[in-house]
Each structure stands twice: as structure tokens, then as C-alpha cells.
There are 2 protein chains.
Amino acid sequence: MLKAEVKRMTDQSPAEGETGPEEPEKLVPRHRMANELRDDINNGIYEPGQKLPSQRDLAERYNVARNTAAEAVKILIAEGLIDNRDRARPTVRGPRRLLRLGAERYSNRLREETGVSPFRAEVEKQGKTPRVDCPSITKIRPPADIAARLGLSAERDFVVRRENWYFADEEPVQLGITYIPWEIAEGTVLATSANMGKGSLYGRFEDRGHRIAAIREEISSRMPTPEETKGLKVPAGVPVIDVIHTGIDQDDQPFEVTCFTMRADLNGLDYRIRIED
Amino acid sequence: MLKAEVKRMTDQSPAEGETGPEEPEKLVPRHRMANELRDDINNGIYEPGQKLPSQRDLAERYNVARNTAAEAVKILIAEGLIDNRDRARPTVRGPRRLLRLGAERYSNRLREETGVSPFRAEVEKQGKTPRVDCPSITKIRPPADIAARLGLSAERDFVVRRENWYFADEEPVQLGITYIPWEIAEGTVLATSANMGKGSLYGRFEDRGHRIAAIREEISSRMPTPEETKGLKVPAGVPVIDVIHTGIDQDDQPFEVTCFTMRADLNGLDYRIRIED
DNA sequence: GCAAGTATCTGGCTCAAGCCAGATGCGATA
DNA sequence: TATCGCATCTGGCTTGAGCCAGATACTTGC
């Protein structure tokens, strides 16, 4: 890692003495500058957590207008290399440790033995304080895609919709919206209370005769909507992971669907799956 | 011009104490314009595939400078709502059908019965033509994280590195880099040939006494690097999904690791998992 | 009817100038 | 010493001007 030769020839003379196999591929200034900055970051010249020089400085160093310097920084922000929360000085983003959520979080035994939710366990493993907020429980008609997964009718049936926000050290991490057939939730805490009691959510399903036997998880990723950016405080240049989770009971019946929206800079998934013959 | 008279003596008031339902939340022009455009797109005023009016038109309609109009469009591009391939006119991006890849793609029975790779099957299901390209097979020292997963030493051991590019109708879809311990690959087509023969990759592992019994899949998501943007032709505003896949045999030994990089606009994952008690 | 050539339009990009509000630093004051 | 107030700095944003190369449409000549 020879960071000694930080060439900074501000004049854009061709200067390509020996043309490598790669053609220079002439770049517009914003990209030339973004590339240099990116290399510097990857080579550790700017350390994670370190603030970048001011736009006005950068502009002078790279011999561009301040506007252009700002554009170059924006490129790296969009790539997720630089963080620019609020109006603070843009900062080099370091690799963050991911919460690794796996299928064992649904294990019946684990639930019974520890009594602590896997999300909490995972957060505490990182030395942070978990918090789960359930700001709303409502009775609604299921959205069409949810109805399909639960085997319900979007016109005739009802579901309980439970909204859960997950925090680590008060930083929003993910959002989960759980849909439960009214038939199952009716008359239980599932339909009324944020506090699920011993064994948590799946404990209550078991009370109603639905023991979790299998799950389906449909995973995709996309850029957050503006609402999600605000609600989850997703930094610029960070996508979200969508997980549509379906809980399936011992009779092969789906009894619950949860749609997770996770910040991709804080969450990952980790599945160990036995392959059936 | 000190606006001293505006100074809040009630400074640092809780602020989110009893905010009204929705304050207008004054927006800068670029966001105001981006919001209107986004609504129009979501309300179907601009149909998927339709071209946006010219920047100069938009600027006039929204009463901003052309620069600002361009910035507003860029916001929607970064959100993934608008596509601006090449220098073509920005176009409203429609929802794309995802390739849904699941764990059953590793099923031994499925492999033996159909003989066709799950990727091919999934692509053909969409009426497209699959193609897999294996441009390089090399013998290298394993990267540290790979070595750890295979139980090898990054200094002493070797692995075969196989690079695979996956296309649907000649559009790049994903990239997979497979690492196989040299001990296993030595002397087989695994180390030499792109063509795997009947039963494909996992058929050859079985020849060497490694029947797949379990897999581990570690999933995360991020924005693509510039190289990936170029190689996979990832459109602006689209993340990639990283999957680190580990194949585990009947003796609980890992025998293969593959790192997938998938375009998130074309790929999704779909796992059905039995929950152990 | 068709091909070639041309004028126009478009998006991408850069620049210089300037306003604003929040952050920062520093000195004066209590 | 601790706190307040102010000057300054910073990033974010907007504007209007202008250049460029590729796309498009239109004309002209064969």
C-alpha cells in the first residue's frame, strides 16, 4: 500500500508516457476527481470517520469549480462511501457491522429456552441497547399481495396489522409490518396489545394452535422511498432490503405474514438450510 | 442583516412535542419538483416506458432553472424510478419481474431429474434466453474471508477460482465467483473446463465424494462499485445483492464457496425453510 | 423512393456568482 | 472558569450562461 506517491498534478496534461493496456478513457472532471477521491479512501489516505476537506479546498486542489467538487463528492455519497448526515461535514463511512438475522430466530426451542427475541440478542451481541416499538395495531382489509399469501380474500376478510419499529441504541434499524388473519387474532393480545408476554409473538400463535413449522422468506432490495429515508434515517447511498416473511404452521397453513424493511447498512441475512434430497 | 429579532428564545424546544399532523415542511425547489414528478409517476400520469418531457420543458413548467430541473430528475433516478441509460431520454422505469432464486436450486433430486440448472429454468420461465459464461478459471491463494469459510489457510493453501457471468437475453444479470479447494478440484474438470457435464457443478463434487447436504447463504445489499456498474450494466439507482454461498457436504464439511453479485432490479431470493424444533 | 447530409434539439456537464442556515471557533464578559 | 455572542466557515442549493456530443427530424439530391 504505497500511499507515498500521492500524485497531484493539477494540470491536466496528457502526460501518458507509457500507455498501459488500459486506454485512459477520458473522464469528465467530476469523475476524474471522484475516482481519485475514491482511491484515496480505499487506500486509507482518508480514514473512516475522518472528515473530508471543505468543498472550497477540494475545488482548489483539483482545479475545478466548487460546484464540480460538490458533484464529485455526491458521486461517492451515492456509492455509499461517504456519509453526509444532516448538514454536517461529509465523513468517510467505515464498514459497519451488520446484524445477521437467520432462520434460527424462529426456532421454537430457542424461543422457549431463552425467552429473548433474536433481534434483541443480536443487538446486544454488538454491545448496543435494543428497543422495539409497536406504535399501531389496527384491523384492516389485507393488501392484495398479503391476502394471496395468507389465502384470504382482499374484499371479504380482515387482518390485524401490527407495525413494529426496531432500534439499536435508539438508531432505527428496521421496520416490520405483521399481518394476522382476524380469525386467528380475534380476542387475543395479538389484536390488542403491544406486549406479547412470554414466548412473544409465536408463543401466542401457539396458544391458538399454530406452531411454526416452516417459513418462507422472499428477499429483494431497492432504494428507499423518501418516507423510508426519513423514518428509518437511511443515509444517502444506502439501499433497503425487503423481506416478505410468511409463517407456516404444522398443517402447512400460512398464519402470518410480516413485511420487513431493513437498512442495508445495518442488516444482513444468514441462512443455513438443509438440502432435501 | 442579522435576523437577531428572529432568534428563538425558546431555543431547543422539544420541537417534536406536539407537531401538528403534517406541517407543510417547506421544500427546496428541487425536492418540490421531484415530489410532484414522483406523484405523477406513481399516479400513472407518466406510464412506464414513457419518456419524460425535455429538461427545458420541465424547467419552464415548474418555473425553475434548467439546472434545477435536471437535479430534480436526478433525485428520481437515484431512487430508481427513472432510467437514464446512455444518453437516451430519461424514461419511467416500470416494475421488472424478478428472477426468484431459492434453495431448491441445490436440490439433488431436482438436479438429477431435470439436468437443467435452476438459473436456466428461471430465465426460461420468463421467456428469455439464458446464457452462462465462464471466462476464467484460475488457481490462486484464497482471499482471507473465503479461506475462513472453507477451513483453509490463506497463506499455504490453494483454491480454484471460477468466474461465471449470467445473462438473460444477453443482458447481464449476475456474477458468481466460485472457490473450490485445490485438493478437491485437482485433476478434475472443476479445475480446467467451463463445461461441467451431466449434473453440472454439483455432479462433479459428488464424483469427488462431496454430496451437498446443506448450504449457508449470507445476504447483504449495497450500491455497486463503478466496475460492477460497468460490468453488470447496473442502472443508476439500483443496488446489488451480495450472496456468499457455502456448500456443505454430508460430513458437515464446507467444500465450495460462491460469491454472487446480483442486480437487485432483476434478482430476488426465495427461501422456504423448515424450522427445527 | 431512398440515401445522405444538415439543422435542430436534447441531456450531460462545467462554471462563476451568490444566498442561506447551521456549525465552529474565539474572544469578551460575568 | 464557564458562558454567551458574534464573526466566520461550511455545505446545500439555485441561477443563468454556455459548451459538447449524440439523437432526431428534416431537407435535399440522386
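Of the two residues contacting DNA chain C, namely B:Pro90 and A:Arg30, the nearest-nucleotide position lying further toward the 5' end is that of B:Pro90. Both A:Lys51 and A:Pro29 sit near DNA chain C, but only A:Pro29 has its closest nucleotide nearer the 5' end.
No donor-acceptor contact under 3.5 angstrom links the side chains of A:Asn35 and A:Arg32, judged on distance only.
With C:dG11, C:dT14, D:dG11 as the candidates, the nucleotide lying closest to the side chain of A:Arg89 is D:dG11.
When the side-chain nitrogen and oxygen atoms of A:Ser54 are compared with OP1 and OP2 of D:dC9, none of them lie within a distance under 4.0 Å. Residue A:Asn84 places no side-chain N or O under 4.0 Å from the OP1 or OP2 atom of D:dG11.
In terms of the salt bridge (charged side-chain N to carboxylate O under 4.0 Å, His left out) criterion, B:Arg162 has no residue partners (sequence neighbours excluded). Residues passing the salt bridge (charged side-chain N to carboxylate O under 4.0 Å, His left out) test with A:Lys51, sequence neighbours excluded: none.
Contacts between residues 57-76 of chain B and DNA chain C, defined by a heavy-atom separation below 4.0 Å, involve B:Arg66, B:Asn67, listed by number.
Taking atom CE on B:Met33 and atom P on D:dC13, their separation rounds to 15 Å, with Å as the unit. Between the P atom of C:dC13 and the CZ atom of B:Arg56 lies a distance of 14 Å, rounded to the nearest Å. Spacing between atom CD1 of B:Ile77 and atom P of C:dG11 amounts to 11 Å, rounded to whole angstrom units. Distance CD (B:Gln55) to P (D:dG16): 15 Å, rounded to an integer number of Å.
Distance check, rounded to the nearest 0.5 Å: CG of A:Asp133 to CD of A:Glu163 gives 9.0 Å. Atom-to-atom distance recorded for B:Gln174:CD and B:Phe167:CZ is 11.0 Å, nearest 0.5 angstrom.
Between A:Tyr166 and A:Phe260, the ring-plane angle classifies as tilted under the 30° and 60° cut-offs.
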